[in-house]
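To start, the structure itself, in structure tokens.
Order of appearance sets the numbers: ligands from 1, and atoms from 1 within every ligand.
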Amino acid sequence: MKQCSLQLIVVLGCAICVFAQNKPAADLIIQNAHVWTVDALHPEAEAVAVLGDRIVAVGSSSQVDAWRGPHTRMVEAAGKRLLPGFNDAHVHFTDGGAQLDNVELNDVTSAQEFARRIGERAGKTAKGEWLLGGDWDETKWTPAELPTKELIDPATPETPVAVNRYDGHMVLANSLALKLAGISAQTPDPTGGVIVRDQQGNPTGALKDAAQDLLFKVVPSFSHDQRRHAIERALGHAASLGVTSVQHMNPEYADIAIYSELLDEGKLTTRIYAAPLIPQVDDQAKIGIRRAFGGPYLRIGAVKAYADGSLGSRTAYFFEPFSDQPSNRGLLSDEMQPLSLMRDRMMRADGAGLQLCTHAIGDAGISAILDIYTEIEKTYGSRDRRWRIEHAQHMAGKDFDRFAQLHVIASVQPYHAIDDGRWAERRIGHDRASRTYAFRTFLDHGTRLALGTDWNVAPLDPMLTLYAATTRATLDGKNPQGWFPEQKLTIQEAIEAYTMGSAYAEFQEHEKGSITAGKLADMVLLSDDVLSIDPVKIRDVKVLKTWVGGRLTYDAGAASQ
Ligand SMILES: [Zn+2]
């Protein structure tokens, strides 16, 4: 008997000693950081331990040190601010990556400069090759007039040009491009689009919304290598800005194929959720793909729809006319004509379990989508759908309650507020402007926000978005205290919406969005403490390091060496 219990003790002792030897050590410990976790239970911490791609401990430096082993990589954060990685809820990732190499027209301030840069680029472009991109914004010009083909024709006789307005709702073509596309005075405006014409009825080269398709159908699409290059540029750019997840709105299937290829090669360094356009809803539906289908690096299962155009292109759809253009109240998109077309597609998407992300900017556009969402709920009953309205820019006062009751997520881009805020009030008047980019009003109604940029429509840099959300100081310097300052977010609210809010918007709030043990180790270390500095200075804050799943994807120290 005595012998027996001795044996038991030996066996037990061995089991304990084996356990102690096998207790896994962390692969990475970030210590002496100023951690804002976005985890309501433990908002602040000093250190984080990572094992594999997951966070395993968050706490004081001494608590987390228990995870240290002989091979643990130690990162000394020297008191710098550590946040969960940013999740940009609305990007056009391939276009953004391509734009990094395209002609840059966004900061142009005159028609002459616009023409000069296009001419310069055309000189370096092989004959017959298309000159694309640009992201021009005529509201920054003096005088602020739409460009015409006459401006760029002399310098581009052999180069077809299709340079887009920054919002993607207008493109300027030169004469050669119009000819290749067969667009002439006789071409009628397509449904949901406008061919801008001079007094004689000849196209000026500017094409709005659906009219752009007449042109883009003759622009050769990216080769595989061009597309992959653009996406690799975008991945590098995202890492350098602390963006660890993006939600790619209207990707082409070829983009998803490249993501899959990069994932296979271990080179996908930003997590992707892709939402292809709703006209192709049956493709995902017929193979049984549902919301957030996939793995931690690549998911699909949403569809992106368009209700209307943009404020900048005067194609956002309003109940009342534009204040400065009494005959125009905007345009419903071609997907909404007739409305039953959109309703049927959305019903099919919802029936298949796909998530709906709908671009709606004008108050009547938003209202029409809320009507359809209401109808779907009546037909199929309520469940956790996480419908989204992308932009949700100009709200009718009556719709805030309805928005909240349907649990619709407002997927918003604060940078647009400080950009469009320069001129929006002239276009829609004070009353409607007071419900524009109404982030505070959304929160007050219990609506969840997901933050993003709409890159390449706005810069991908999260610091600019945080700056915009917390200051609402328009880019022209005319509203230093904030344009409709009552709609400002606090820095904590803005960070939460940009991390947990965006994660929720893609059904991933249990996987990412906060620095919490068990979650994916997506984090960003910043040069300055965005939570305590004057919000005006947030735009100057730099990213020091970015980790995705515990992997260092950007290191400012290494980048500057
Ligand atoms: Zn967009």
Sequence neighbours excluded, which residues qualify as side-chain contact (heavy atoms from CB on, under 4.5 Å) partners of A230?
-> T94, A98
Under the side chain to side chain donor-acceptor pair (under 3.5 Å) rule, what pairs show up with a residue in residues 397-411, not counting sequence neighbours?
-> S367-K398, S367-D399, S367-R402, D371-R402, E390-S411, D399-R402
In a check of ring-ring contact (aromatic ring centres under 6.0 Å, His included) between H359 and each of H391, H90, H92, which one passes?
-> H391
Between R271 and D522, is the closest basic N to carboxylate O distance under 4.0 Å?
-> yes
Exactly one of R299, E506, Q355, R291 clears side-chain hydrogen bond (donor to acceptor under 3.5 Å, both in side chains) with Y273, and that residue is Q355
Sub-2.8 Å protein N, O or S atoms surrounding the Zn ion (ligand 1) | H90 NE2, H92 NE2, D454 OD1
Who are the side chain to side chain donor-acceptor pair (under 3.5 Å) partners of W455, not counting sequence neighbours?
-> none
